[in-house]
Asks: 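The structure under discussion is supplied below as structure tokens; questions concerning it will follow.
So you know, we letter chains A, B, ... as the sequences are listed, proteins then strands, and number each from 1.
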Amino acid sequence: MMNVFDDFARRGLVHSFTEGLPEVLANQKVTAYIGFDPTSDSLQVGNLLALMGLARLQRFGHTPIALVGGGTGLIGDPSGKTQERQLQSKELIAANVEAIKAQLTRFLDFEVRSNPARLINNADWLTTIPLMDFLRDVGKHFTVNYMIAKDSVQTRLERQEGISYTEFSYMLLQAYDFLQLFDRYGCILQAGGSDQWGNITAGVELIRRVRGMRAYGLVYPLVTGADGVKLGKTEQGTIWLDPKRTSPYRFYQFWLNQADADVICYLGYFTWLSYEEIAELEQAVRERPEQREAQRRLAREVTRLVHGEQALADAERASQALFGGSLEGLSVAEIEDVFAEAPSSEVPRIAFEGPGKPLLDLLVEAGLVKSKGEGRRLVAAGGVYVNNVRVEDASQAISTAQLIGGRFLVLRTGKKQYHLVRTLV
RNA sequence: GGGCAGAUACCCAAGUGGCCAAAGGGGGCUGACUGUAAAUCAGCUGGCUGACGCCUUCGGAGGUUCGAAUCCUUCUCUGCCCA
């Protein structure tokens with residue numbers, strides 16, 4: 001029977017680990033944790049690897065702890081950051097912690113008897129520990145020399161802006177978290193992204209010094225696409241797990257558009273597909289890349305996991321309508337449905353009567369272009385479509401006759417940017 | 001506290017009296033080709049206008065000048081050096 005470490009390794013999830021970890025994971029059931037930053041009210045695609053990591057640990061019989069950084073979030077982790085972070089208010093952090101909790105439940109089983117997942121907030125201990133105690137119990141065990149040697153600190157020291165004492169302390173707080181979880185729950189493994197290596201080993205070190213016990217660390221690789229961009233960061237912004245921030249349709253499209261070079265890797269990272277299935281898809285990518293079977297499967301699996309079966313079905317149907325055929329033949333109800341995900345705006349029907357409403361005004365109001373000048377240029381370049389028909393004349397007005405079912409207008413710029421205009425009586 | 005250098009559009013960066021809405025690069029957008037890809041090629045990339053043209057913009061404020069991103073004064077900020 002394969003153990004979770006081998007599974008991680010096979011999926012390319014192991015970047016580095018502390019000595020002895022493979023043996024421990026092979027021979028015993030452990031409690032492990034990963035920290036999540038509450039800097040926003042939603043997790044994002046960048047957190048997915050961590051979520052799946054915990055979920056896999058749980059499936060292999062280990063006990064996962066999701067630690068939400070309600071305390072450390074007040075400080076800000078310098079790892080992977082080149083600039084000092086903005087501090088966020090305590091109220092905001094607390095609200096974010098609650099929102100993130102809700103998202104975690106989609107991935108982890110909190111009910112199972114044998115090894116239920118736990119959700120813990122480090123504000124529980126970080127906001128109450130007296131400074132003197134912290135300095136004596138934690139600070140004493142670290143030399144500044146040790147802390148300065150860490151990568152995350154080094155990169156900041158090399159820069160002009162430097163690093164504040166506050167962020168410099170972050171490592172100790174995270175080490176203290178690990179110690180707390182070790183004491184309270186017998187947690188002996190911390191996982192995280194490769195940028196967390198310094199913080200994680202600091203925790204391992206602290207436990208060894210004050211408890212004389214062995215703890216372990218495991219970091220997964222930083223996921224960047226073939227284009228070198230951090231996964232989940234697109235030109236249009238971050239891809240969130242919250243459907244209110246990133247619609248399931250956009251979410252689905254995000255995965256569908258992954259590069260051939262990345263998709264197989266991602267199937268291993270983000271889905272529960274077996275190695276055999278992944279191998280088959282790999283072959284499919286090689287032999288008939290234009291079919292994009294692997295991307296389709298990836299999009300399906302991840303969208304279902306994050307948003308559920310119904311949202312997946314909607315996203316697929318919308319994708320098919322938008323990229324498959326024309327809008328012709330779609331009923332008003334279907335249009336309403338397909339574009340439920342697309343940005344939309346409302347315009348009084350009156351505006352379209354008589355001479356009609358200038359197209360350029362519509363484009364600007366819909367936010368598809370920033371100015372009429374930009375709209376005019378876009379039309380000249382052939383990048384504007386009304387009801388999926390390319391616009392030739394920028395100065396035209398849209399009249400009631402062009403409204404689909406007398407109610408809708410579908411604006412599009414480029415290949416993918418849709419916007420639905422609803423008319424109001 | 002003293003000295004020096006600098007602040008230009010989304011980013012980097014040229015421009016040091018009119019030819020500057022401001023070179024070049026990156027990024028972005030659109031098109032062609034494609035697989036809703038990559039690569040490549042082409043166009044666009046301050047606002048208003050059908051167009052001539054007009055308006056706003058080169059850290060802030062004021063000034064010199066027929067005319068200022070460019071010169072002067074002052075303020076703010078950033079970096080470097082000295083104390």
Asks: Answer yes or no: does a side-chain N or O of Tyr385(A) lie under 4.0 Å from OP1 or OP2 of G31(B)?
Replies: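 Yes.
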Asks: Pick the closest RNA chain B nucleotide for Ser395(A) and for Arg292(A) by heavy atoms, then say which residue is nearer the 5' end.
Replies: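 The residue whose closest nucleotide sits nearer the 5' end is Arg292(A).
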Asks: For atom C1', what is the distance between A13(B) and C58(B), given to the nearest Å?
Replies: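 13 Å, rounded to whole Å.
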Asks: Over all strands shown, is Gln291(A) touching base, sugar-phosphate only, or nothing at heavy-atom distances under 4.0 angstrom?
Replies: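 Here Gln291(A) touches no strand at all.
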Asks: Check every atom of U36(B), U34(B), G35(B) against the side chain of Lys415(A) and return the nucleotide holding the closest atom.
Replies: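 Per side-chain heavy atoms of Lys415(A), the pick is U34(B).
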Asks: Just by distance, with hydrogens left out, do Asp124(A) and Asn121(A) show a side-chain donor and acceptor under 3.5 Å apart?
Replies: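 There is no such pair (donor and acceptor under 3.5 Å, judged by atom type) between the side chains of Asp124(A) and Asn121(A).
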Asks: Without hydrogens or angle criteria, can the side chains of Ser344(A) and His419(A) be said to hold a donor-acceptor pair below 3.5 Å?
Replies: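 Not at all, the side chains of Ser344(A) and His419(A) share no donor-acceptor pair under 3.5 Å.
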Asks: Cut-off 3.5 Å, side chains only: do Glu316(A) and Gln320(A) have a donor facing an acceptor?
Replies: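 Side chains of Glu316(A) and Gln320(A): no pair found under 3.5 Å.
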Asks: How far does the P atom of U40(B) sit from the matching atom of A51(B), given to the nearest Å?
Replies: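 The answer is 34 Å between these two P atoms.
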Asks: Between the base of U34(B) and the side chain of Glu290(A), is there a donor-acceptor distance below 3.5 Å?
Replies: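 No, no donor-acceptor pair under 3.5 Å.
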Asks: Taking atom P in both A68(B) and C54(B), what distance in whole Å separates the two?
Replies: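 The same atom, P, in both gives a distance of 15 Å.
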Asks: Mind listing the side-chain donor-acceptor pairs of residues 52-69 of chain A below 3.5 Å, one per line with the distance, residues two or more places apart or on another chain?
Replies:
from: Arg56(A); atom 1: NH1; to: Thr271(A); atom 2: O; distance (Å): 3.4
from: Arg56(A); atom 1: NH2; to: Gly268(A); atom 2: O; distance (Å): 3.1
from: Arg56(A); atom 1: NH2; to: Tyr269(A); atom 2: O; distance (Å): 2.7
from: Arg56(A); atom 1: NH2; to: Thr271(A); atom 2: O; distance (Å): 3.2
from: Gln58(A); atom 1: OE1; to: Asp109(A); atom 2: N; distance (Å): 3.0
from: Gln58(A); atom 1: NE2; to: Asp109(A); atom 2: O; distance (Å): 2.8
from: Gln58(A); atom 1: NE2; to: Asn115(A); atom 2: O; distance (Å): 3.0
from: His62(A); atom 1: ND1; to: Val30(A); atom 2: N; distance (Å): 3.0

Asks: Using atom P in both nucleotides, what's the gap between C72(B) and U65(B) to the nearest angstrom?
Replies: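 15 Å, rounded to whole Å.
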Asks: Does G50(B) have its OP1 or OP2 closer than 4.0 Å to a side-chain nitrogen or oxygen of Arg376(A)?
Replies: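 Yes.
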Asks: Show each protein N/O and nucleotides 43-47 of chain B N/O combination with a separation under 3.5 Å, one pair to a line.
Replies:
from: C44(B); atom 1: O2'; to: Arg377(A); atom 2: NE; distance (Å): 3.2
from: G47(B); atom 1: OP1; to: Ser371(A); atom 2: OG; distance (Å): 2.7
from: G47(B); atom 1: OP2; to: Arg377(A); atom 2: NH2; distance (Å): 3.4

Asks: Sequence neighbours left out, what passes side-chain hydrogen bond (donor to acceptor under 3.5 Å, both in side chains) with Ser42(A)? Give chain and number order.
Replies: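 Here the qualifying residues are Gln103(A).
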